[in-house]
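Treat the numbers as computed from the prediction; the structure is a model and nothing was measured.
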Amino acid sequence: MKIMDVPFRSISDVKRAPMGVFNEARESKNGVYILNNNKAVGVALTPEQYESMSKEIESLYDRIDELTVKERLAESNIKTYTEKEVLGNRLDNVTYDENDGWE
């Protein structure tokens with residue numbers, strides 16, 4: 001993303017009226033670049049924009065993991081193991097303690 005493709009404000013603008021920068025981010029539905037001596041030093045986002053970006057990034061990482069697993073399983077020369085071979089028993093035979101401290 002090029003700096004000029006989105007709104008931008010100087011660091012002095014942020015110091016004078018920080019809420020104005022966040023309001024601009026909300027209204028433009030985009031981040032606002034913060035410049036210091038005409039160089040980008042940060043981006044102001046609303047909490048909703050930040051959370052949306054974080055969720056999207058997490059979703060993309062999950063998709064990368066899924067594709068990586070799919071690709072590895074498609075390899076014909078890879079050895080796979082069953083639950084019983086790895087754990088000594090099957091997971092459907094395990095009882096779970098809801099109060100074990102793990103989330």
Distance in Å, Lys29 NZ paired with Glu48 CD, rounded so as to fall on 0.5 Å steps: 12.0 Å
same_hphob_cluster(Phe8, Ile11) at 4.5 Å side-chain heavy-atom cutoff: no
Other ILVMFWY residues reachable from Leu73 by side-chain steps of under 4.5 Å: Val69
Backbone of Glu24 reached by a side-chain donor or acceptor of Glu27 within 3.5 Å: no
Cluster check Val32, Val41: I/L/V/M/F/W/Y, side chain < 4.5 angstrom: yes
Flag if over 12 foreign heavy atoms under 6.0 Å of CG, Asn37: no
Gap separating the CD atom of Glu85 from the OG1 atom of Thr82, nearest 0.5 angstrom: 3.5 Å
Heavy-atom pair with the smallest gap, counting every atom of Gly31 and Pro7: O-CD, 3.5 Å
Gap separating the OG atom of Ser12 from the CG atom of Asn36, nearest 0.5 angstrom: 7.5 Å
Connected via hydrophobic side-chain network under 4.5 Å: Val21 and Val6: no
Pairwise distance OH(Tyr81) to CG(Leu87) - rounded to 0.5 angstrom: 13.5 Å
Nearest heavy-atom neighbours spanning Ala25 and Ala44: CB-O, 3.8 Å
Table please: side-chain donor-acceptor pairs of residues 57-64 below 3.5 Å, with sequence neighbours left out.
from: Arg63; atom 1: NH1; to: Glu66; atom 2: OE1; distance (Å): 3.3

Members besides Met19 in its Ile/Leu/Val/Met/Phe/Trp/Tyr cluster (side-chain heavy atoms under 4.5 Å): Phe22
Donor-acceptor pair between Ser52 and Gln49 side chains, under 3.5 angstrom: no
Approximate separation, where rounding is to 0.5 Å, of Glu51 CD and Leu45 CG: 11.0 Å
